[in-house]
Amino acid sequence: LPPSLPPPPLPPPPPPPPPLPVESPLAFCGSVASGRQLPRVGLKSQKGATITPQEITSCIKECESAGAVLDTVGRFVDSRLFNYVHVSAAFSKLAKVKDTIDQRDRESASLAKLVDQLRTLLRRRALDAQGAANVFWAIATLQRELPDLLSLIPDLVAMIEHAAAGLVPQQASNIIEACASCRIADQHLQKLLPTLAGRVCELLYLRPDDFAPRDISNMIWASGTFQARGAPVEPLLDIVPALSEFVVRLADAMNPYDIANALLGISLLGREMAHLDVQHSLVPSLTTALVRKLPQWSAKQIGLDLPQSVCALAKLEYRDRPLLVATASCLNGEGKLKRINDWSLCALMWSYTEVFKDAEFDDFRESLKAEVASRGFSEELVRRSQLGPDLWRS
């Protein structure tokens, strides 16, 4: 037999293709894969660093306007590196800078591509629980500035139902709060709230220490807001007693915003709280913490959170004299009432004229009346303030 021959040598590899222009997304992807150095886009640091997916996220997070966000998206959106994390980050940042959105942004090709990518991700159920929660909050927040995004809500609801088992307390709370503050339609709430309430119930049993004061106060506030609006709140009412127990436990850790929101939610729930110890345990835990921390409150907190707390107590007909005296002292004289917003003024006027009628507040009451008259507010507008700032403005 003839001897075996060695295998023929392998042909040499083909020469690499010529580099594409930097502006091409394919060039960008190839450059990152090969380690070639490109200048960063949108980062305030030295040029010449390799662009990675993490740095794309940083680019988006550092933007200070909607236009900058969409410019950054436009640079990367067609790249293979652009993924669901970037989609979530872009919408979240747009929500945070929503006051900068203009008509050019609404008509932006980058926004259209971003929406298309999100729609594809939702229909493939390709977001994780955190991404779904972040995007839902962002879309709900942007509904006035970018109303066309509301067409995504049905797919978002389905995505959250799919990812609900992975939600942590903060994420579930943020979705519930967004539904209330941004007035998500009842047809979506009927699908979403049972899923969210069920997940919160599981977390209260399995991971109670993971709940922060903000998570608890947001859900109580949202429950009360749904109740006042006539929305389908029933699934959340099942967890309100457990949430109320957490309020008593966490009251000392709550900041002014959390205390005010929890009190307003309790007051708006009204008869739904009748079976709980509102007067002797729940509310006193909050007012005690409030009065103790009041000396450290900022002027903004005194102008916003303090009137909301007092209005909630008035609705509950709960008289806490130290708090009422402190409120009158903090806000009377030296033009202080002129610096608070319209709802806060009306809420204080209603509280101190309809419920807290004590003679010791006559001087403060006259100051309130004078400021209300100077702004031209009607008695009906003052009366409606008891509904809370969000419903009062509607």
Side-chain angles (χ1 to χ4, degrees), residues 20-45 49-98 101 105 108-142 146 148-149 151-168 170-172 174-175 178:
L20 295 174
V22 167
E23 289 73 19
S24 166
L26 293 177
F28 170 75
C29 295
S31 299
V32 172
S34 65
R36 186 162 64 87
Q37 304 296 299
L38 287 177
R40 296 185 182 186
V41 175
L43 289 175
K44 300 176 181 178
S45 56
T50 302
I51 296 179
T52 66
Q54 292 77 14
E55 289 175 343
I56 296 176
T57 305
S58 297
C59 290
I60 294 170
K61 289 183 177 180
E62 291 189 9
C63 292
E64 298 180 356
S65 68
V69 173
L70 294 174
D71 286 345
T72 303
V73 167
R75 172 65 192 273
F76 299 118
V77 69
D78 293 321
S79 162
R80 292 193 300 269
L81 295 178
F82 200 83
N83 58 37
Y84 75 95
V85 174
H86 305 128
V87 172
S88 174
F91 277 110
S92 296
K93 190 64 180 185
L94 284 173
K96 292 174 182 176
V97 296
K98 64 179 183 178
I101 293 174
D105 299 324
S108 166
S110 297
L111 178 61
K113 289 183 178 182
L114 188 64
V115 171
D116 286 343
Q117 284 223 11
L118 176 57
R119 184 174 284 109
T120 298
L121 290 168
L122 293 175
R123 291 178 178 174
R124 293 176 178 174
R125 304 291 187 265
L127 292 178
D128 60 7
Q130 180 178 354
N134 290 348
V135 171
F136 186 92
W137 171 82
I139 298 301
T141 303
L142 288 164
L146 299 172
D148 291 346
L149 295 183
S151 65
L152 296 166
I153 292 292
D155 286 330
L156 269 170
V157 170
M159 180 71 250
I160 290 170
E161 290 179 308
H162 177 76
L167 292 172
V168 300
Q170 184 184 34
Q171 294 160 0
N174 286 349
I175 296 171

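The backbone N or O of Asp148 sits less than 3.5 Å from a side-chain atom of Ser151, completing a donor-acceptor pair. Side chain of Thr72 to backbone of Ala68: a donor-acceptor contact under 3.5 angstrom is found. Panel note: side chain Gln117, backbone Val77; a donor-acceptor pair is recorded below 3.5 Å. For Lys61 (side chain) and Ala89 (main-chain N/O), no donor-acceptor pair under 3.5 Å exists by modelled atom type. A distance-only check finds a donor-acceptor pair linking the side chain of Gln171 to the backbone of Val168 [under 3.5 Å].
To the nearest 0.5 Å, atom CZ of residue Phe76 and atom CD1 of residue Ile60 are 8.0 Å apart. Note that CG of Leu118 and OH of Tyr84 are 13.5 Å apart. Values are rounded to the nearest 0.5 Å. Here the SG-CG distance, from Cys59 to Asp71, works out to 12.0 Å after rounding to the nearest 0.5 Å. Atom OG in Ser88 sits 7.0 Å away from atom CD in Gln130 (nearest 0.5 Å).
Side-chain contact between Val115 and Leu111 is present, with at least one heavy-atom pair separated by less than 4.5 Å. Between Leu149 and Leu152, the closest side-chain pair of non-hydrogen atoms falls below 4.5 Å. A heavy-atom distance below 4.5 Å is found between the side chains of Ile160 and Phe136.
Sequence neighbours left out, not one pair with a member in residues 130-139 passes salt bridge (charged side-chain N to carboxylate O under 4.0 Å, His left out).
Residue Leu142 comes nearest to Leu94 through the heavy atom pair CD2-O, 3.6 Å, listed as atom of the first residue, atom of the second, then distance. Here the closest non-hydrogen pair linking Ala66 and Ile101 is CB-CG1, 3.5 Å. Residues Ser65 and Val97 approach most closely at C-CG2, 3.8 Å, considering heavy atoms. Residues Gly74 and Ser110 approach most closely at CA-OG, 3.2 Å, considering heavy atoms. Between Ala132 and Leu156, the closest heavy-atom pair is O-CD2, 4.3 Å. Between Ala126 and Met159, the shortest heavy-atom distance links the atoms N-SD, 4.0 Å.
With sequence neighbours excluded, the residues satisfying side chain to side chain donor-acceptor pair (under 3.5 Å) with Arg123 are Asp155. With sequence neighbours left out, Phe82 forms a ring-ring contact (aromatic ring centres under 6.0 Å, His included) with His86.
Other residues, nucleotides and ligands contribute over 12 non-hydrogen atoms within 6.0 Å of the CD atom of Glu161.
Residue Phe91 is tested with Val73, Leu146, Leu114, Asn134 for a side-chain contact (heavy atoms from CB on, under 4.5 Å); the sole match is Leu114.
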key: Check against side-chain contact (heavy atoms from CB on, under 4.5 Å), Ile139 and Val135   = CA-CA 6 Å; Ile139 298 301; Val135 171; 3.9 Å; yes

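Under 4.0 Å is where a charged nitrogen must lie from a carboxylate oxygen, and between Arg119 and Asp116 at least one such pair does.
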